[in-house]
Amino acid sequence: MSIKVCKFGGTSLADAGQFRKVRAIVAGDSDRRYIVPSAPGLRSSADRKITDLLYLCHAHARQAIPFKEVFELIAQRYRGIVTELGLSLDIDTSLQEIERRIAAGASADYAASRGEYLSGLILAEFLGYEFVDAAEVVHFNARGLLDLQRSREALNQRQAQTPRAVIPGFYGRTPSGQVKTFSRGGSDITGAVVAYGVGANVYENWTDVSGILMADPRIVPNPRVIDTLTYRELRELAYMGATVLHDEAIFPVRAAGIPVNIRNTNRPADPGTTIVSEAQPVAHLGSITGIAGRKNFTVIAIEKALMNQELGFGRRLLSVLEVNGVSFEHMPSGIDTMSLVIDDAQLNSKLDKILEEIRHECRPDSLEVYPNMALIATVGRGMAHTPGMAAKLFRGLAEQKINVRMIDQGSSEINIIIGVENADFENAIRAIYKTFVG
Ligand code: ASP
């Protein structure tokens, strides 16, 4: 028996029309057995997300401000969906109960979680699937962290009696029985937990884009969609700024080797992007997977003759950062040089103090600071063990007259990170894309 777990995001369930698309998708494949919905999201850029409105109700209630009007917006939205879908579900009783509990001082997590809860009730009725409350199957421990093993056991048990179910995203329960939510966007995590718990063959994450793009579309016009990438490549791209799945959503499925397929509810025929384990053979040798980058780094370059022979030099240097509570992103080094690449958000006003302490602790021959740097990662497992990839990259940059200020290649060879000035950031990304993709 093959099992697909499908998570549908907020825009996929924004109105009755979107619910219909979801039903067609679920009906299109009988393996789509466990469905994890978000709360209704934005219908247009001027719209309000249900989750935001629920938080607002809670904030009002806490300050004893009447919230009836805000709650009515939520109620109307759900009532409208139920009526338009022609369902006989009694949504009003659930709405009244939620309003009453928020007024009586229920927690922010309880209030926010009701968006997914109500979505789940409606979707279960509409699909003819059983409704399973996430509070029964998604468990947090006493410290408020996801208890993956306990959730797995609970899901496993439920699965035996419930071959098809809708399980709301975003929340679970604590050992004392309180509703608790994940961080914002956390339905992605629920989907991954459910996929892990029921032993899914695939975790489908349905959203409003046809997968992960090879580059930021605000920089490269119409970039290609990545068809397949590994978890590690995803991590590299996400870390360097590509917005994809909720970070924590990766680890339950990654550990179990369950592929994640990112799909578009509005274009269900598009194959989307599949995230696979590292063990998969590389389909396109010599190709790149994606390009991502971030601006606003500062490089501190330290030079000292015979640095390599000086015991404890690196430790003293890094301890300056540690004492100042600053972490570094990269540390390219030469025989007598070491550079620290630090995110400006980390550094804020500590630069002068750090330089002073490096001078004192390490006695360098020279200490230079290069502000306004950007880092760009070109990522691809197809690059590893392929001669000529770096040459091609740097030729492409040179042709566009981009001055590369720093080079760093991870030992896994799945990325080459370059440092350029902030002003060259966009041009450099376009140049790399053009070189490898055209
Ligand atoms: N509805 C929640 C939020 O807006 C969770 C989610 O959509 O994943 O953050």
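Each ligand, and each atom within it, is numbered from 1 in the order the structure gives.
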Can a donor-acceptor pair be found, under 3.5 Å and without considering hydrogens, that links the side chain of Asn261 to the backbone of Thr273?
yes

Side chain to side chain donor-acceptor pair (under 3.5 Å) contacts in which one or both residues fall within residues 7-16, not counting sequence neighbours:
Lys7-Asp188, Thr11-Asp208, Ser12-Thr265

Sequence neighbours excluded, the answer for salt bridge (Lys or Arg N to Asp or Glu O under 4.0 Å) partners of Glu99 is Lys68

Please produce the table of protein N or O atoms sitting under 3.5 Å from N or O atoms belonging to ligand 1, one pair a line, distance to 0.1 Å.
from     : atom 1 : to     : atom 2 : distance (Å)
ligand 1 : 1 (N)  : Thr51  : OG1    : 2.7
ligand 1 : 1 (N)  : Glu116 : OE2    : 2.7
ligand 1 : 4 (O)  : Lys49  : NZ     : 3.2
ligand 1 : 4 (O)  : Thr51  : OG1    : 3.4
ligand 1 : 4 (O)  : Arg184 : NH2    : 2.9
ligand 1 : 7 (O)  : Ser38  : OG     : 3.2
ligand 1 : 8 (O)  : Gly185 : O      : 3.3
ligand 1 : 8 (O)  : Gly186 : N      : 3.4
ligand 1 : 8 (O)  : Ser187 : N      : 3.0
ligand 1 : 8 (O)  : Ser187 : OG     : 3.1
ligand 1 : 9 (O)  : Arg184 : NE     : 2.8
ligand 1 : 9 (O)  : Gly185 : N      : 2.7

Examine Tyr117 together with Phe131 and report whether their ring centres are nearer than 6.0 Å.
yes

Expected output: side-chain Arg164 to main-chain Ser30 donor-acceptor under 3.5 Å:
yes

For Tyr55, which residues count as a ring pair (Phe, Tyr, Trp, His ring centres under 6.0 Å) partner, sequence neighbours excluded?
none

